[in-house]
Number of protein chains: 2
Amino acid sequence: MTVVRRKTAARKAAGRKTAKASVARAAAKPAKERILDAGEQLFARNGFYGVSVRDITKAAGVDVALVSYHFGGKRELFAAVFRRRAEMLNPERLGMLEQVRRNALPGVPALEDIVNAFTYPMLERSARGGAGWKSYFALVAQVNNSPEWGPVLMTEHFDPLVERFIAVMREALPGCDAREIYWGYQFLTGALTLTFAETGRIDKLSGGLCRSSDLDGVHQRLARYVAAGLRALCAGPAAAPQGKARSDMAANADACP
Amino acid sequence: MTVVRRKTAARKAAGRKTAKASVARAAAKPAKERILDAGEQLFARNGFYGVSVRDITKAAGVDVALVSYHFGGKRELFAAVFRRRAEMLNPERLGMLEQVRRNALPGVPALEDIVNAFTYPMLERSARGGAGWKSYFALVAQVNNSPEWGPVLMTEHFDPLVERFIAVMREALPGCDAREIYWGYQFLTGALTLTFAETGRIDKLSGGLCRSSDLDGVHQRLARYVAAGLRALCAGPAAAPQGKARSDMAANADACP
DNA sequence: GCATTTATTCAACATCCGCTGAATTATTTA
DNA sequence: TAAATAATTCAGCGGATGTTGAATAAATGC
């Protein structure tokens, strides 16, 4: 049965190569791009190891050998999927940051606006950029939390941008210890990426009151949340409220403030 | 300390067994537990699909067939790994929450204390509970951000606990729209789980100023951060601060289908 | 002590894995 | 048009995958 289907498919393709196929082919995206699209969708759903190149090429409607031909191998395809949209996205985020900065001159921008420049281009594309973008950000969510891929891909494609954002945050929070800002940024990234995962968990928890897909709702809340958190970190007691000499934990959970 | 306890436990078990049992065998944990330990470590590093049952049984030093025998299959092993420590952890977290509540009577507890009851038992075990606990929380970080596993495992093992925490948060934030609290909780979980992933990214970003493994530092900051964020959500304008009318920047996003 | 249940070992299965080389077709270049 | 390059197809390689059944060993129950 499988053989039969393969044969018919091959015959169809071979039969109308000249006239009809050219139209259908011309209308379709090039194979390389279709592989990227299919890989993006499937990697986002099941991770790198949860998807085979045969899954991807079948979804893309191309031959399995084309992954090695166009990208070199499965790992290189994964990296290419990750790189593609980062290169479209980050210039815009940086541009929005600089615009926020210019608009605030001669003062410093509000923390909310800085965070917003960081999150809005992503939230906007995940909400209204199409299925590819939504898959992409779900993939970012997994990569960011992966000990194997996070340190490699996130660092490579996002760290220069993040450093710039943190520098501007420091301008907006004069006198604040840099460590507080780094941790505040880490909390921001965690909150943002979990949002992109859109696991539907908040839907169930809230009984339908909130929806994972409501990225406009996130846009209305995240910057305010993070800005308040950062200010609290910078204002609060920098010194440790209690020593780290404690070794037993189960016995006295109440000793913790 | 752990070694001593293990030895005594093993001796007790060996006493019941025939003296002929080899020392190496008698000193080791039962195969089922060793499989759970090895699976925990490997799943945390490479995810469900990134690890084979042969990888796990080789690391555990047992035969490959024992996974099917003791657990039924690979997926069931994964679920068992996830369940094991959740069942040890959650009663303590709930107990800490109720204690915080009692201590605040007749008033309501501070938001910081509620968040702390949620995060502290996890941070404490990840920091000083041993390698198994650290692996476990790294696994939770991946599962929480996975569209495939998150809705199943997180919901099953953590939702009852989360609902209780959110109920107490609502007591502590009278008059606050429930949606703000659900979103605030979602941001908290995202920040917490990314912290558990310990990808080392903040180390690189901060030039060594912050360390991923500094969970005491997280403990000092996260509750304050989240409490401030939640208060800002509840106090702030519920309506959108700026409409979602497409700004000039959003126009660029239209190019992609 | 013997029977029964439980635990473990071993070999093998069918299937899928990523990747490749040779052949074929399509497109570009001269 | 002819040659050259690029893109695609096809069949198959060696190996890894999860799982299974039969045989063996160990522990337990009576």
Side-chain angles (χ1 to χ4, degrees), chain A residues 1-36 38-39 42-43 46-80, chain B residues 10 12-26 28-36 38-39 42-43 46-81:
Chain A
M1 178 178 170
T2 328
V3 180
V4 172
R5 277 172 63 182
R6 248 192 236 160
K7 256 189 188 170
T8 52
R11 284 221 169 270
K12 266 202 298 187
R16 52 172 175 178
K17 272 271 163 67
T18 48
K20 246 185 162 186
S22 71
V23 177
R25 275 285 188 72
K29 293 181 183 178
K32 193 171 179 180
E33 202 174 337
R34 304 180 67 195
I35 292 173
L36 283 170
L42 294 173
F43 284 142
N46 293 112
F48 177 75
Y49 298 108
V51 179
S52 70
V53 302
R54 283 177 172 84
D55 292 336
I56 295 170
T57 52
K58 189 186 296 181
V62 303
D63 190 272
V64 64
L66 287 182
V67 166
S68 290
Y69 176 77
H70 281 295
F71 299 95
K74 188 187 178 186
R75 299 186 90 87
E76 289 86 353
L77 167 60
F78 191 70
Chain B
K12 269 201 292 186
R16 281 187 258 108
K17 293 176 185 172
T18 60
K20 207 176 175 189
S22 78
V23 176
R25 274 283 197 70
K29 294 182 184 178
K32 193 170 178 180
E33 201 174 338
R34 305 181 66 197
I35 293 173
L36 284 170
L42 294 174
F43 284 141
N46 293 114
F48 177 76
Y49 298 107
V51 179
S52 70
V53 301
R54 282 176 174 84
D55 291 336
I56 295 170
T57 52
K58 188 185 297 180
V62 303
D63 190 271
V64 63
L66 288 183
V67 165
S68 290
Y69 176 76
H70 281 297
F71 299 95
K74 188 188 180 186
R75 298 186 91 89
E76 289 85 353
L77 167 60
F78 191 71
V81 166

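Regarding contacts with the backbone of D/dA6, every side-chain N or O of A/H70 stays at 4.0 angstrom or more from both OP1 and OP2. For the OP1/OP2 pair of D/dA16 and a distance below 4.0 Å, the side-chain nitrogens and oxygens of B/S52 include no atom meeting the criterion.
A donor-acceptor contact shorter than 3.5 Å links the side chain of A/K74 to the backbone of A/F48. Put simply, the side chain of A/K32 never gets that close to the backbone of A/F71: no donor and acceptor are under 3.5 Å apart.
Across the protein-nucleic acid pair, A/R54 atom CZ and C/dC16 atom C1' stand 7 Å apart, rounded to whole Å. Between A/R75 atom CZ and C/dC17 atom C1' there is a gap of 14 Å when expressed in whole angstrom units. Summarising the geometry, the separation between NZ on B/K58 and P on C/dC10 is reported as 15 Å, rounded to the nearest angstrom. Put simply, CG on A/L66 is 13 Å from C1' on C/dT20, counting in whole angstrom units. Whole-Å rounding puts the B/F71 CZ to D/dT20 P distance at 15 Å. Separating the CD1 atom of B/I56 from the C1' atom of D/dT17 is a distance of 13 Å, rounded to the nearest angstrom. Taking atom CD on B/E76 and atom C1' on D/dG18, their separation rounds to 11 Å, with Å as the unit. Across the protein-nucleic acid pair, A/D63 atom CG and C/dC19 atom C1' stand 12 Å apart, rounded to whole Å.
The distance from atom CZ of A/R54 to atom CG of A/D63, rounded to the nearest 0.5 Å, is 9.5 Å. In this structure, A/D55 CG and A/N46 CG are separated by 8.5 Å, a value rounded to the nearest 0.5 Å.
If you check every strand for non-hydrogen atoms under 4.0 Å, B/A65 touches a base. Within 4.0 Å (heavy atoms only), B/V64 reaches at least one base atom of the nucleic acid.
If B/P30 and A/Y69 are placed on DNA chain C by their nearest nucleotide, the residue sitting closer to the 5' end is B/P30. Mapped onto DNA chain C by nearest heavy atom, A/G73 and B/V62 fall at different nucleotides, with B/V62 at the one closer to the 5' end.
Looking at heavy atoms from C-beta onward, A/L77 lies out of side-chain contact with A/V53 at the 4.5 angstrom threshold.
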